[in-house]
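Every heavy atom of this structure was used, including side-chain atoms; hydrogens, water molecules and symmetry mates were not.
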Amino acid sequence: MRTVLAYLAAVIFTPLISSMVIVGGLLGRTDRPGSVFDWAPRVWSRILLAASGVRVDIHGDEHRHGAQHVFVANHVSWFDVFVMASHLRWFKFVAKAELFRIPLFGPAMRAAKMIAIERQNQKAAHGSIQEAAARIHEGASVILFPEGTRGHSYALRPFKKGAFVLAIEAQAPVVPVAIYGSIGVQPKGNIRVRPGRIDVHFLPPIATAGMTYEDRDALARAAHARIAECLEREHGVKSPSPG
């Protein structure tokens, strides 16, 4: 039943809210807190979570507030996107370019200044980092999943460095985020949606002031270690060393 409700909500509200964002872009609305580009992704995500019967428990609430952060989270389900989008304000996702080719949804993402990344094209990926840095300098926060794609278990995989190059370039704090419970709602490769609880742990930010490009590996290791430690402490999940 929840699967039907979740997909029904997606079919009804995705084109509706996408159209509102596109119209906002065509009308030249300013991208700022409280604008359609801010609240539309949050409302869309909350509708999908409610239709799916998902309860989100936030931990470390004090670490999710404020502008111009780089949020980095583990990634095992599409519902990781929804829980992040539903509990942050004025953010931009860095997402795979394929999503921007979906009718209505893709143009809405572009209108909202989400950032497309071509993962197999290093030159284009560097351009995406520059674009994300520009969004941060405008006052928005940026959300990335540094594992690169969804995994099948909560054990952390190695992090790609792009998120940390971005944070250093923008001199923005990195907020590590540990997500647990989304596999139970919808694991990778499964279309069925089950009601459940997802825990989202916003961890203390890591300052990047004064860091240079040479610090990217150390910054990635620090964020990886904080998320891995949280998953093990709170949920018993052990992650291999990233090497």
Side-chain angles (χ1 to χ4, degrees), residues 2-3 6-7 9-10 14 40-61 63-64 69-89 91-100 102 105 109 112 114-117 119 132 141-160 162-164 166 174-203 220 223-224 226-232 234-235 237 239:
R2 281 297 178 179
T3 302
Y7 283 96
T14 301
R42 188 165 55 254
V43 169
W44 175 71
S45 296
R46 289 180 178 179
I47 289 171
L48 295 183
L49 289 169
S52 303
V54 175
R55 188 184 92 193
V56 180
D57 284 358
I58 298 295
H59 310 269
D61 180 72
H63 302 310
R64 71 183 172 101
H69 290 112
V70 175
F71 293 91
V72 295
N74 58 313
H75 195 24
V76 293
S77 168
W78 279 115
F79 278 80
D80 302 329
V81 175
F82 306 147
V83 298
M84 292 292 285
S86 64
H87 287 86
L88 293 173
R89 294 186 64 84
F91 58 83
K92 308 299 173 187
F93 272 106
V94 176
K96 60 184 181 180
E98 294 89 333
L99 295 176
F100 290 76
I102 299 173
F105 185 74
M109 290 182 72
M114 303 297 177
I115 301 114
I117 186 165
R119 291 180 291 189
S141 290
V142 172
I143 303 170
L144 302 99
F145 297 108
E147 290 170 296
T149 187
R150 290 169 293 157
H152 291 285
S153 76
Y154 293 111
L156 279 188
R157 290 160 288 139
F159 282 178
K160 299 182 184 300
F164 308 99
L166 164 63
V174 171
V175 179
V177 184
I179 302 174
Y180 183 86
S182 50
I183 288 178
V185 176
Q186 188 185 45
K188 181 179 180 179
N190 196 319
I191 64 170
R192 184 175 178 182
V193 175
R194 296 179 175 87
R197 164 183 156 178
I198 299 177
D199 289 279
V200 183
H201 303 264
F202 290 96
L203 305 174
H224 190 283
R226 290 195 185 187
I227 297 174
E229 189 277 332
C230 178
L231 288 171
E232 183 170 3
E234 299 294 336
H235 304 289
V237 175
S239 301

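- Within the model, atoms CG of L88 and NE2 of H69 stand 10.5 Å from one another, a figure rounded to the nearest 0.5 Å.
- Here F82 pairs with W44, F79 under the ring pair (Phe, Tyr, Trp, His ring centres under 6.0 Å) rule; sequence neighbours left out.
- Each of V174, V72, I115, L144 was compared with L166 under the side-chain contact (heavy atoms from CB on, under 4.5 Å) criterion, and only L144 meets it.
- Considering all non-hydrogen atoms of both residues, A85 and P41 come closest at CB-O, 4.2 Å.
- Expressed to the nearest 0.5 Å, how far OH of Y7 lies from CG of L48 amounts to 11.0 Å.
- Under the 3.5 Å distance criterion, with hydrogens and angles disregarded, no donor-acceptor pair is assigned to the side chains of D199 and H235.
- To the nearest 0.5 Å, atom CG of residue L231 and atom OH of residue Y180 are 9.0 Å apart.
- Remark: the backbone N or O of G181 is paired with a side-chain donor or acceptor of Y154 at under 3.5 angstrom.
- Nearest heavy-atom pair across S52 and A6 is OG-CB, 3.3 Å.
- Here the straight-line distance linking atom NZ of K92 with atom CE of M109 works out to 10.5 Å at 0.5 Å rounding.
- Legend: residues meeting side-chain hydrogen bond (donor to acceptor under 3.5 Å, both in side chains) with E232, ordered by chain and number and at least two apart, are absent.
- Using a distance-only test at 3.5 Å, with no hydrogens or angles considered, a donor-acceptor pair links the side chain of T3 to the main chain of V193.
- Taking the six-membered ring for Trp and the full ring otherwise, F202 and H63 have centroids separated by 6.0 Å or more.
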